[in-house]
There are 2 protein chains.
Amino acid sequence: MKISANTSGSSLTTANPVEGGEKNRVINPELWQACAGPLVNLPAAGTYVVYFPQGHSEQVAASMKKDVDAQIPSYPNLQSKLFCILHKITLHADTETDEVYAQMTLQPVPSFDREALLRSDLLMKAHKPQTEFFCKTLTASDTSTHGGFSVPRRAAEKIFPPLDFNMQPPAQELMARDLHDNVWTFRHIYRGQPKRHLLTTGWSLFVSGKRIFAGDSVLFIRDEKQQLLLGIRRANRQPANLSSSVLSSDSMHIGVLAAAAHAAANNSPFTVFYNPRASSSEFVIPLAKYYKAVCSNQISLGMRFRMMFETEESGTRRYMGTITGISDLDGVRWKNSQWRNLQVGWDEATAAATTISTATTAAAATTATTSATTATTTATADDGG
Amino acid sequence: MKISANTSGSSLTTANPVEGGEKNRVINPELWQACAGPLVNLPAAGTYVVYFPQGHSEQVAASMKKDVDAQIPSYPNLQSKLFCILHKITLHADTETDEVYAQMTLQPVPSFDREALLRSDLLMKAHKPQTEFFCKTLTASDTSTHGGFSVPRRAAEKIFPPLDFNMQPPAQELMARDLHDNVWTFRHIYRGQPKRHLLTTGWSLFVSGKRIFAGDSVLFIRDEKQQLLLGIRRANRQPANLSSSVLSSDSMHIGVLAAAAHAAANNSPFTVFYNPRASSSEFVIPLAKYYKAVCSNQISLGMRFRMMFETEESGTRRYMGTITGISDLDGVRWKNSQWRNLQVGWDEATAAATTISTATTAAAATTATTSATTATTTATADDGG
DNA sequence: TTGTAGGCGACTCGCCGACAA
DNA sequence: TTGTCGGCGAGTCGCCTACAA
């Protein structure tokens with residue numbers, strides 16, 4: 001399947017041999033980011049964060065395509081949010097599916113430290129400029145066995161090394177590295193009437209090897225060393241590991257909550273996996289972002305509200321709305337939680353419903369009113385302002 | 001990939017729409033059993049069982065290829081075994097890999113009932129006679145794209161419908177149903193010099209569709225309605241869902257233990273998944289079997305010991321040994337546990353090491369001394385005696 | 001009895017413009 | 001600018017027997 005594998009790798013940071021089968025490799029952060037999407041912004045190791053067990057549970061539910069049952073015991077001592085220090089964060093990609101996720105080691109911070117923290121950690125990391133990047137959703141022709149891949153003109157000119165137009169036809173061999181450091185080779189040719197950029201030889205191996213289909217997306221980026229990297233983003237299908245065949249979803253939810261409760265009780269470290277594309281549950285957010293959202297402006301009914309959404313071709317777009325409700329999502333288990341406690345009526349309800357179609361916002365867009373995380377949404381709005 | 005799918009299905013029993021993505025289908029029990037192997041014997045719904053959380057945890061560890069960390073909180077109130085009633089048991093197969101597993105709903109039984117239970121439930125279900133069955137480990141030729149599948153002579157004569165030998169060459173179309181009720185069609189032909197049974201047309205679709213390779217096994221059975229069923233058993237590779245990318249293995253272990261502890265404290269039902277081929281952790285066993293093993297004969301050092309193992313071609317073979325040690329596997333967490341508390345010196349150490357190669361016993365065979373579950377092993381010995 | 005290899009059709013893959021959209 | 005199609009060549013797939021092991 002794979003054309004070649006290279007283990008050399010430029011070890012920018014030291015990664016532990018982690019669970020999860022990924023060998024001792026460092027995932028390229030830019031490529032990971034590109035696959036995760038433009039809205040994902042991971043906190044840095046060593047900084048303080050807020051952890052929402054409710055949101056974590058929600059992500060597990062989304063991955064299992066199963067709602068939480070009534071059999072989950074309640075953890076009365078577990079608060080709806082935990083202030084933590086992020087000891088370690090490592091990037092990963094599923095060996096089978098290339099699905100990106102992050103592993104974080106969190107340690108709850110005792111309550112008496114919080115006030116100081118809230119004041120200390122206000123430096124927001126500046127958004128890195130998007131690297132040179134293009135992303136295309138594959139057509140039926142791109143994925144059929146009948147031919148190759150039609151490269152959008154601008155993409156080819158921006159990302160690929162320039163062709164020698166003295167050749168007839170102009171062509172070259174492209175090598176691109178995926179998240180697992182496998183190298184894929186493609187013949188890049190400029191031909192046809194009218195002329196266009198195509199990837200031919202090697203392309204079908206990539207399609208069958210990654211098991212991608214029409215509707216999935218492929219992205220190419222160029223890192224700072226001008227090396228070509230490529231990744232995939234699968235369409236919004238049912239999760240692959242729908243059934244783990246190992247653990248019941250009940251046990252998974254209990255595991256998430258019990259681990260958090262135990263860590264909170266002992267101020268001991270615990271580990272979570274964050275999967276940015278499995279759901280729109282950004283359940284670990286920088287403390288500074290949280291503070292900015294909650295403390296700097298009072299949330300109230302009728303207030304204007306801005307939020308960024310991801311567009312089809314991996315861009316971002318801002319939507320405006322008005323806060324129409326503030327209430328607990330689950331008043332029994334999580335009272336006075338700030339997790340998804342806002343309902344927003346969007347200005348462009350129909351526009352949103354028709355144009356927004358990514359995984360993260362589909363559910364939100366279909367109903368005109370949207371629940372959203374206080375912290376992330378308002379902070380995003382501030383960024384955009 | 002699949003030649004045909006049939007959803008009609010003969011609903012022998014009613015199965016709930018379960019988690020795990022399997023649609024509302026009843027897995028054929030005989031086919032499930034054949035895929036699980038001859039040593040697997042599931043308890044029946046409505047009967048009493050003994051549940052070992054330690055063994056359950058071990059299976060999770062095996063599935064994740066990761067040992068238990070030190071970060072797991074201890075559950076001092078969780079005993080090393082729970083007496084439970086098995087409310088429900090449903091059979092499943094992973095949609096991607098065809099891996100078989102069972103989902104069980106257990107409810108702990110209050111301690112004051114146990115004495116009565118121990119006396120009440122002594123009826124052992126008689127071993128069902130093995131259905132008509134054959135299992136072949138695939139060769140390089142079987143799986144290459146160069147040709148078809150060479151059917152062992154006895155297998156073809158025993159399992160397949162008889163050929164019309166007036167034809168030249170004798171041939172027929174075979175249809176066989178897999179665990180998911182997909183129908184696969186093969187051309188079965190008897191030809192060559194010397195004559196042999198072959199599956200040709202349709203075979204390569206099956207191989208690529210199921211992603212099976214040399215070393216994996218294919219099995220055919222005939223159910224009571226003379227219908228042909230087929231299943232696969234993958235070779236002893238690393239688990240596919242090595243990384244779930246959803247939950248850390250710590251959380252998984254915590255989930256298993258916390259779910260059991262919560263159920264034990266409240267005598268409330270809980271759910272476990274049992275994967276017979278993921279590890280040799282038979283952590284839910286019939287109460288009668290347990291009782292027979294523990295109470296009817298006293299286990300002591302130097303005692304002779306018999307145990308069944310699975311052979312390569314899905315047969316069983318009995319090995320003899322002597323008990324050389326009785327001790328806690330984990331004296332800290334699980335004191336006085338009967339889980340793997342026996343060390344056995346086998347009479348045919350080398351024979352065992354060379355001939356036994358299935359997943360379930362490989363670890364045991366390589367070290368001359370073997371740890372084994374008290375209950376299951378001695379009970380098996382009694383059966384065979 | 002059954003695993004592998006050589007021989008050879010037939011058919012799919014995959015590279016190419018021609019056309020629209 | 002780019003998605004799909006008809007066209008064809010080269011390469012695999014896959015059916016057959018021969019020959020051991």
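In what follows, chains carry the letters A, B, and so on, assigned in the order in which the sequence lines appear, proteins first and then strands, with residues in each chain numbered from 1. All of these numbers come straight from a predicted model, not from anything done at the bench.
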Novice: Where do B:Arg233 and B:Ala34 come nearest, in terms of heavy atoms and distance?
Specialist: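 Smallest heavy-atom distance, with atoms named: NH2-O, 2.5 Å.
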
Novice: I'd like to know whether B:Leu229 forms a side chain to side chain contact (heavy atoms under 4.5 Å, CB included) with B:Glu30, so could you lay out the CA-CA distance, the side-chain angles of the two residues, the decisive distance to 0.1 Å, and finally the verdict.
Specialist: CA-CA 9 Å; B:Leu229 308 174; B:Glu30 296 167 63; 5.6 Å; no

Novice: Can you tell me which nucleotide in C:dA20, D:dC19, D:dC15 comes closest to the side chain of B:Thr201?
Specialist: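 In terms of side-chain proximity for B:Thr201, the closest of C:dA20, D:dC19, D:dC15 is D:dC15.
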
Novice: Taking A:Phe134 as the fixed residue, which of A:Leu219, A:Val218, A:Val151, A:Ile221 is the one that meets the side-chain contact (heavy atoms from CB on, under 4.5 Å) rule?
Specialist: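 Of all the options given, the one that passes is A:Val151.
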
Novice: I need the residues from residues 142-166 of chain B with at least one non-hydrogen atom less than 4.0 Å from DNA chain D; give them sorted by number, or say none.
Specialist: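 Those residues are B:Thr145, B:His146.
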
Novice: I'd like to know if B:Arg196 reaches the base of C:dG3 with its side chain such that a donor and an acceptor end up less than 3.5 angstrom apart.
Specialist: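 It does, because a donor-acceptor pair links the side chain of B:Arg196 to the base of C:dG3 below 3.5 Å.
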
Novice: Output the rounded distance in Å from CG (B:Leu199) to C1' (D:dC16).
Specialist: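 It is 16 Å, rounded to the nearest whole Å.
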
Novice: Quickly work out the A:Lys195 NZ to C:dC19 C1' distance and round it to whole Å.
Specialist: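 Result: 15 Å.
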
Novice: Which heavy atom in A:Arg177 sits nearest to a heavy atom in A:Gln227, and how many Å separate them?
Specialist: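 Heavy-atom minimum between the residues: NE-OE1, 4.2 Å.
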
Novice: Between A:Thr139 and D:dT2, is there a side-chain N or O to OP1/OP2 distance below 4.0 Å?
Specialist: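 Checking A:Thr139 against D:dT2: no side-chain N or O falls below 4.0 Å of OP1 or OP2.
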
Novice: How many Å lie between CG on B:Leu205 and P on C:dT12, as a whole number?
Specialist: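 Going from B:Leu205 (CG) to C:dT12 (P), I get 11 Å.
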
Novice: According to a strict under-4.0 Å criterion, is A:Ser204 in side-chain N/O contact with OP1 or OP2 of C:dC13?
Specialist: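 No.
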
Novice: Is the shortest side-chain N/O distance from B:Lys136 to OP1 or OP2 of C:dG3 below 4.0 Å?
Specialist: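 It does, given that an N or O in the side chain of B:Lys136 lies less than 4.0 Å from OP1 or OP2 of C:dG3.
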
Novice: Should A:Arg191 be listed as having a side-chain N or O under 4.0 Å from OP1 or OP2 of C:dC15?
Specialist: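 A:Arg191 to C:dC15 OP1/OP2: no side-chain N or O under 4.0 Å.
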
Novice: Got a salt bridge between A:Lys210 and A:Asp98, using NZ or NE/NH1/NH2 to carboxylate O under 4.0 Å?
Specialist: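 Yes.
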
Novice: Test side-chain hydrogen bond (donor to acceptor under 3.5 Å, both in side chains) on A:Asp164 and A:Gln172; report intermediate values, then the result.
Specialist: CA-CA 8 Å; A:Asp164 176 4; A:Gln172 66 182 334; over 6 Å; no

Novice: Using atom OH of A:Tyr190 as one end and atom C1' of C:dC15 as the other, report the distance to the nearest whole Å.
Specialist: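 These atoms are roughly 18 Å apart.
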
Novice: Using atom CD of B:Gln193 as one end and atom C1' of C:dT4 as the other, report the distance to the nearest whole Å.
Specialist: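 Whole-Å distance recorded here is 17 Å.
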
Novice: Rounded off to whole Å, could you give me the NE2-to-C1' distance for the A:His197 and D:dG3 pair?
Specialist: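 Nearest whole value for this atom pair: 17 Å.
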
Novice: Any side-chain N or O of B:Ser141 under 4.0 Å from OP1/OP2 of C:dG3?
Specialist: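 Checking C:dG3 against B:Ser141, no side-chain N or O comes under 4.0 Å of OP1 or OP2.
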
Novice: What integer distance in Å separates A:Trp203:CH2 from C:dC15:P?
Specialist: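 So the two atoms are 12 Å apart, to the nearest Å.
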
Novice: Is there a side chain to side chain contact (heavy atoms under 4.5 Å, CB included) between B:Ile212 and B:Phe206? Walk through the geometry before answering.
Specialist: CA-CA 8 Å; B:Ile212 48 183; B:Phe206 178 73; 3.8 Å; yes

Novice: In whole Å, I'd like the distance from the NE2 atom of A:His188 to the P atom of C:dC16.
Specialist: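 Whole-Å distance recorded here is 12 Å.
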
